[in-house]
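Lettering follows sequence order; numbering is per chain, from 1.
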Number of protein chains: 2
Amino acid sequence: MLKEELKMKNIEQVLRSKKIKVTPQRMAVYSVLKNSTNHPNVDMIYKKLKPEYPAMSLATIYKTVEVLKQVGLIQELNTGEGSIRYDANTSNHPHIACIECGRVDDIHDVNIPPCGGELKTEIEEKTGYTVQKQQLYFFGICPDCHK
Amino acid sequence: MLKEELKMKNIEQVLRSKKIKVTPQRMAVYSVLKNSTNHPNVDMIYKKLKPEYPAMSLATIYKTVEVLKQVGLIQELNTGEGSIRYDANTSNHPHIACIECGRVDDIHDVNIPPCGGELKTEIEEKTGYTVQKQQLYFFGICPDCHK
DNA sequence: CATCTATTAATAATTGTTCTCTTTTTATTT
DNA sequence: AAATAAAAAGAGAACAATTATTAATAGATG
Ligand SMILES: [Mn+2]
Ligand SMILES: [Mn+2]
Ligand SMILES: [Zn+2]
Ligand SMILES: [Zn+2]
């Protein structure tokens with residue numbers, strides 16, 4: 001059995017364990033996210049799936065990403081470009097977005113200090129909030145947009 | 001002359017120096033932002049100004065915040081709640097947003113390490129982007145929403 | 001297999017934001 | 001103090017992303 005198939009089997013387990021039905025649409029949307037590095041938004045997922053699933057509707061993708069998010073299989077990114085992007089990598093990692101074309105990339109292998117346990121505690125004490133998650137975004141011009 | 005009036009005179013200078021006309025609406029919108037700590041969105045600014053400026057339209061506020069942003073007098077925050085919030089404090093400081101009620105607060109007096117000059121350079125080398133700005137958001141439950 | 005219920009697809013409705021057009025205001029020049 | 005040109009404001013339509021509604025369909029369960 002291929003690694004890819006194994007991954008998908010695991011996702012099925014996760015969904016079933018949460019009493020959420022496993023459907024072809026959900027597997028397909030998750031698969032797109034898992035196999036992409038470009039943090040697609042709903043419309044990009046829609047267009048990607050169109051050839052293989054011509055009947056799938058935009059509303060289904062909206063609902064599916066909501067379900068996958070609730071279950072913790074994906075996270076959403078909002079860089080302020082108007083639409084929400086999604087990421088199957090649910091670890092807390094920084095992103096950089098191009099203010100020209102909207103492209104969103106991961107920032108790898110850069111030692112970004114913040115966000116340890118002590119910091120969280122400190123913020124909770126100072127603000128009175130209970131901290132649940134964080135997002136660090138950088139903005140700039142991507143290589144492609146540098147003419 | 002009061003401090004408050006002095007501030008506003010300075011804003012007039014900034015606008016005039018950029019060949020941007022000084023209007024009551026612009027001064028009013030800026031004043032709301034300068035005198036608030038809750039990072040209001042367009043609708044909150046609109047409602048705040050309604051009593052004193054009953055004729056002011058939403059479109060005017062949208063246009064005004066865009067102008068103030070371009071001139072560098074305010075910055076925008078996007079916590080993913082659907083609408084954009086604005087902040088007359090243009091320094092690079094972290095925010096925390098309530099995932100329950102949407103409230104957005106500053107995080108003061110917490111030593112958050114990232115984002116020095118070397119880090120920016122490192123990110124630019126690793127990603128090929130030109131980095132222009134950054135945003136650090138924390139998300140959680142605010143004191144009020146803890147019942 | 002039969003039933004029950006969650007999910008889908010299609011469509012309509014909503015919401016935040018932008019655009020277009022006309023009128024008014026501002027800054028500048030008589 | 002007019003007159004003028006340019007910029008901005010106001011009203012409302014238009015737009016795009018998202019959400020809600022509804023009727024049909026497909027998984028799960030016994
Ligand atoms: Mn990512
Ligand atoms: Mn702030
Ligand atoms: Zn780009
Ligand atoms: Zn709250």
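Comparing dT18(D), dA27(C), dA10(C) against the side chain of Ser57(A) picks out dA10(C) as the nearest. Taking the side chain of Ile84(A) as heavy atoms from C-beta on, and the options dT18(D), dA9(D), dT17(C), the nearest nucleotide is dT18(D). Nearest to the side-chain atoms of Thr60(B) among the listed nucleotides dA9(C), dT26(C), dG10(D) stands dG10(D).
Rounded to whole Å, the distance from NZ on Lys69(A) to C1' on dT18(D) is 12 Å. The interatomic distance linking Leu15(A) (CG) with dA26(D) (P) rounds to 20 Å, in whole Å. In this structure, the CD1 atom of Ile20(B) is 14 Å from the P atom of dT28(C), given to the nearest Å. Distance CZ (Arg26(B)) to C1' (dG10(D)): 14 Å, rounded to an integer number of Å. Per the geometry, CG belonging to Leu58(B) stands 10 Å off P belonging to dG16(C), to the nearest Å. Atom NZ of Lys19(B) is separated from atom P of dA6(D) by 15 Å (rounded to the nearest Å). Computed from coordinates, the Met44(B) CE to dT17(C) P distance equals 13 Å when rounded to whole Å. With rounding to whole Å, Lys18(A) atom NZ is found 18 Å from dA6(C) atom C1'.
No donor-acceptor pair closer than 3.5 Å links the side chain of Arg103(B) to the backbone N or O of Ile141(B).
Ion pair Asp109(A)/Lys126(B) not flagged as a salt bridge, since none of the NZ, NE, NH1 or NH2 atoms sits closer than 4.0 Å to an Asp/Glu carboxylate oxygen.
Side-chain contact, Gln135(B) with Gln135(A): no donor N or O sits under 3.5 Å from an acceptor N or O. In summary, the side chains of Tyr137(A) and Asn78(A) do not present any donor paired with an acceptor at a separation below 3.5 Å, with no hydrogens or angles considered.
Side-chain to base pairing of Lys21(B) with dA6(D): one donor and one acceptor N or O lie within less than 3.5 Å of each other.
Mapping Arg16(B) and Ala59(A) onto DNA chain C by nearest heavy atom places Ala59(A) at the nucleotide closer to the 5' end.
Taking only side-chain nitrogens and oxygens, Tyr62(A) comes nearer than 4.0 Å to OP1 or OP2 of dT18(D).
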